[in-house]
A.B. asks: 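This is the structure, below, for whatever I ask next.
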Amino acid sequence: MNSVESLYHLGYLLQGYLGYLGLTQGLKKEIGGAIAQSVERNPWFTDFSVRQSLSAIARDMLSPKQMQEWLSRYVISENTSPQNVGIIMAGNIPLVGFHDLLCVLVSGNRAVVKLSSKDDVLLFMVVKLLCQIDHRFVQRIEFVGKLEGNVDAVIATGSDNSARYFEFQFGNLPHVFRKNRTSVAVLSGSEGEEDLQMLGRDVFDYFGLGCRSVSKIFLPKGFDISLLQKAFSSFEKVREHAAYNDCVRYATAMHQMRKTNFYDLDACVATYNDELHSPVGELFLQEYSAIEEVGELLTFYKDNLQCIATNTPLAGLESSCVPLGKTQRPRLWDYADGVDTMKFLLALS
């Protein structure tokens, strides 16, 4: 069994847990225990969101069809001089750093992983399962409390502030440093209720905490906001999460106190605002007269955007656009910040 086949096996195993099929009681208990522990340690993680992330890994990232299509884009030969690649992972959504780990392993390099304190259980569990499937990975993955002089290259994800630290600490090494980004949606006005419900997944999955979460919607002038309220009402249960509900209540109170206009969309509040990044529990809206003006504006802000959820073609931004409802299910070649991680890693040897 080669490394890629072992990764397929990991995907099948995780699918077995999600479907409760073909797993021993011991494995079910091990995976279920890690999920429960991660939810206990991070109040923004829920059983549903963790399973959602595991599903994206098992059924999308590790599916043979998608893996083969992804790897066909590169010339990958045996790596005779593997590098120690440090990975500093974020913890905003469950298992958000798995893709970086996957890239390092498939490129034939060795991963030195610094987990986020917000998500330090799930990836450890996934790696443990992988090492049980293929013991050779034990020598290729190391978890550390701090990256020091033990790495040859670095992939780091964090805020704009932490990016400055990454540059100071590791700027002399080959690196990929990621900063704050957000995602937006562009509606044409021709979308049906099902399309808008799909958009709701882009807005509310993971409570809007991911860089692929839609924080702002561009609307044609005259768009009926009640259509959003109707479509988003099916996501009202998101407010059963105490911390998220507190964010919505705070945003509501602040708008009432300032006497600013806002819309109650049940699952969040919405306001017209020219900014891109909206707070948790709030959604920004902006009207446009012509789709060309949106394209020009988003081209200007391209370095601040992770992706654009839309069913409407945007000239020059095709690589950033994904269909409504798909922002949280990136394909393996949909790289964060548009930086081809595999190309970077293959060039190290």
A.B. asks: Do Leu297 and Tyr288 have side chains that get closer than 4.5 Å, going by heavy atoms?
C.D. replies: no
A.B. asks: Should we say atom OH of Tyr74 is surrounded by more than 12 heavy atoms from elsewhere, each under 6.0 Å from it?
C.D. replies: yes
A.B. asks: Looking at side-chain heavy atoms only, is the closest gap between His175 and Glu167 below 4.5 Å?
C.D. replies: yes
A.B. asks: Quiz question: by atom type and distance under 3.5 Å, do the side chains of Glu191 and Ser188 form a donor-acceptor pair?
C.D. replies: yes
A.B. asks: Are Asp100 and Val176 packed together at the side-chain level, in the sense that at least one heavy-atom pair is separated by less than 4.5 angstrom?
C.D. replies: no
A.B. asks: Classify the ring geometry of Phe262 against His255: parallel below 30°, tilted from 30° to 60°, perpendicular beyond 60°.
C.D. replies: parallel
A.B. asks: Mark yes or no for whether Ser213, through its side chain, and Gly210, through its backbone, hold a donor-acceptor pair below 3.5 Å.
C.D. replies: yes
A.B. asks: Taking Leu332's backbone N and O only, do any of them form a donor-acceptor pair with Gln66's side chain (distance below 3.5 Å, no angle check)?
C.D. replies: yes
A.B. asks: Under 4.0 Å between a Lys/Arg side-chain N and an Asp/Glu carboxylate O for Asp47 and Arg51?
C.D. replies: yes
A.B. asks: How far apart are the closest heavy atoms of Lys118 and Asn42, and which atoms are they?
C.D. replies: O-ND2, 2.9 Å
A.B. asks: Is there a path of hydrophobic side-chain contacts, each under 4.5 Å between heavy atoms, that joins Leu123 and Val39?
C.D. replies: yes
A.B. asks: Indicate whether any N or O donor in one side chain lies under 3.5 Å from an N or O acceptor in the other, for Thr327 and Ser183.
C.D. replies: no
A.B. asks: Got a donor-acceptor contact below 3.5 angstrom from the Arg212 side chain to the Cys307 backbone?
C.D. replies: no
A.B. asks: Taking side chain as C-beta onward, heavy atoms only, is Val126 less than 4.5 Å from Ile57?
C.D. replies: no
A.B. asks: Applying a strict under-4.5 Å side-chain criterion to I, L, V, M, F, W and Y, I'd like to know whether Ile88 and Phe143 cluster together.
C.D. replies: no
A.B. asks: Any sub-3.5 Å donor-acceptor pair from Glu30's side-chain atoms to Lys28's backbone N or O?
C.D. replies: no
A.B. asks: For Pro64 and Tyr12, work out which heavy atoms get closest and say how close.
C.D. replies: CG-OH, 3.3 Å
A.B. asks: Same hydrophobic cluster for Leu101 and Trp333, using side-chain heavy-atom links shorter than 4.5 Å among ILVMFWY?
C.D. replies: yes
A.B. asks: Check this for me: does any side-chain nitrogen of one of Glu69 and Arg331 sit under 4.0 Å from a carboxylate oxygen of the other?
C.D. replies: no
A.B. asks: Tell me the closest heavy-atom pair linking Ser38 and Phe45, and the distance in Å.
C.D. replies: O-CD2, 4.0 Å
A.B. asks: Any non-hydrogen side-chain atom of Thr312 less than 4.5 Å from a side-chain atom of Val294?
C.D. replies: no
A.B. asks: With distance as the sole test, does Asp224 use its side chain to make a donor-acceptor pair with the main-chain N or O of Ser226 at under 3.5 Å?
C.D. replies: yes
A.B. asks: Is the side chain of Gln229 donor-acceptor paired with the backbone N or O of Asp266 at a distance under 3.5 Å, no angle test?
C.D. replies: no
A.B. asks: Decide, yes or no, whether a salt bridge links Asp303 with Lys179 under the criterion of side-chain N to carboxylate O below 4.0 Å.
C.D. replies: no
A.B. asks: Would you name the heavy atoms of Leu62 and Tyr8 that are closest together and state the gap between them?
C.D. replies: O-CD2, 3.6 Å
A.B. asks: Does the side chain of Tyr206 pick up a donor-acceptor pair with the side chain of Ser53 at under 3.5 Å?
C.D. replies: yes
A.B. asks: Is the His241 to Phe207 ring centre distance short of 6.0 Å?
C.D. replies: yes
A.B. asks: Counting only N and O atoms by type, is there a donor-acceptor contact under 3.5 Å from the side chain of Asn109 to the main-chain atoms of Val104?
C.D. replies: no
A.B. asks: Quick check: does any side chain N or O of Ser6 sit under 3.5 Å from a backbone N or O of Leu130, one acting as donor and the other as acceptor?
C.D. replies: no
A.B. asks: When you measure from the side chain of Ser107 to the backbone of Cys103, do you find a donor-acceptor pair of N or O atoms at a distance under 3.5 Å?
C.D. replies: yes
A.B. asks: Contact between Asp134 and His9 at the side-chain level, heavy atoms closer than 4.5 Å - yes or no?
C.D. replies: no
A.B. asks: Using every non-hydrogen atom in the two residues, find where Asn261 and Thr271 come nearest and quote the distance to one decimal.
C.D. replies: O-CG2, 3.6 Å
A.B. asks: With a 6.0 Å cut-off (strictly less than), is the heavy-atom count around CZ of Phe48, excluding the residue itself, greater than 12?
C.D. replies: no
A.B. asks: Within a reach of under 6.0 Å around CZ of Arg249, are more than 12 heavy atoms found that belong to other residues, nucleotides or ligands?
C.D. replies: no
A.B. asks: So, do Tyr272 and Ile225 sit near enough that their side-chain heavy atoms are less than 4.5 Å apart?
C.D. replies: yes
A.B. asks: Does Glu194, at its CD atom, have more than 12 non-hydrogen atoms belonging to other residues, nucleotides or ligands within less than 6.0 Å?
C.D. replies: no
A.B. asks: What do you reckon, are the aromatic ring centroids of Phe177 and Phe170 less than 6.0 Å apart?
C.D. replies: no
A.B. asks: Phe300, Ile308: one ILVMFWY side-chain cluster at the under-4.5 Å cut-off?
C.D. replies: yes
A.B. asks: With side chains defined as the heavy atoms from C-beta onward, is the minimum distance between Phe166 and Leu147 less than 4.5 Å?
C.D. replies: no
A.B. asks: Above 12 or not: heavy atoms from other molecules or residues under 6.0 Å from CD of Glu275?
C.D. replies: no
A.B. asks: Spell out, as yes or no, whether a donor-acceptor pair under 3.5 Å connects the side chain of Asp202 to the backbone of Gly325.
C.D. replies: yes
A.B. asks: Answer with yes or no whether the side chains of Ser159 and Asn161 bring together a donor and an acceptor at under 3.5 Å.
C.D. replies: no
A.B. asks: For Arg178 and Thr157, which I'm curious about, is there any donor-acceptor pair between the side chains at under 3.5 Å?
C.D. replies: yes
A.B. asks: So among Lys326, Lys65, Arg329, which one has a salt bridge (charged side-chain N to carboxylate O under 4.0 Å, His left out) with Asp60?
C.D. replies: Arg329
A.B. asks: Relative to the ring of His99, is the ring of Trp70 parallel (under 30°), tilted (30 to 60°) or perpendicular (over 60°)?
C.D. replies: tilted
A.B. asks: Whether the Gln286 and Asn273 side chains hold a donor-acceptor pair (N or O, under 3.5 Å, no angle test) is what I'd like checked.
C.D. replies: no
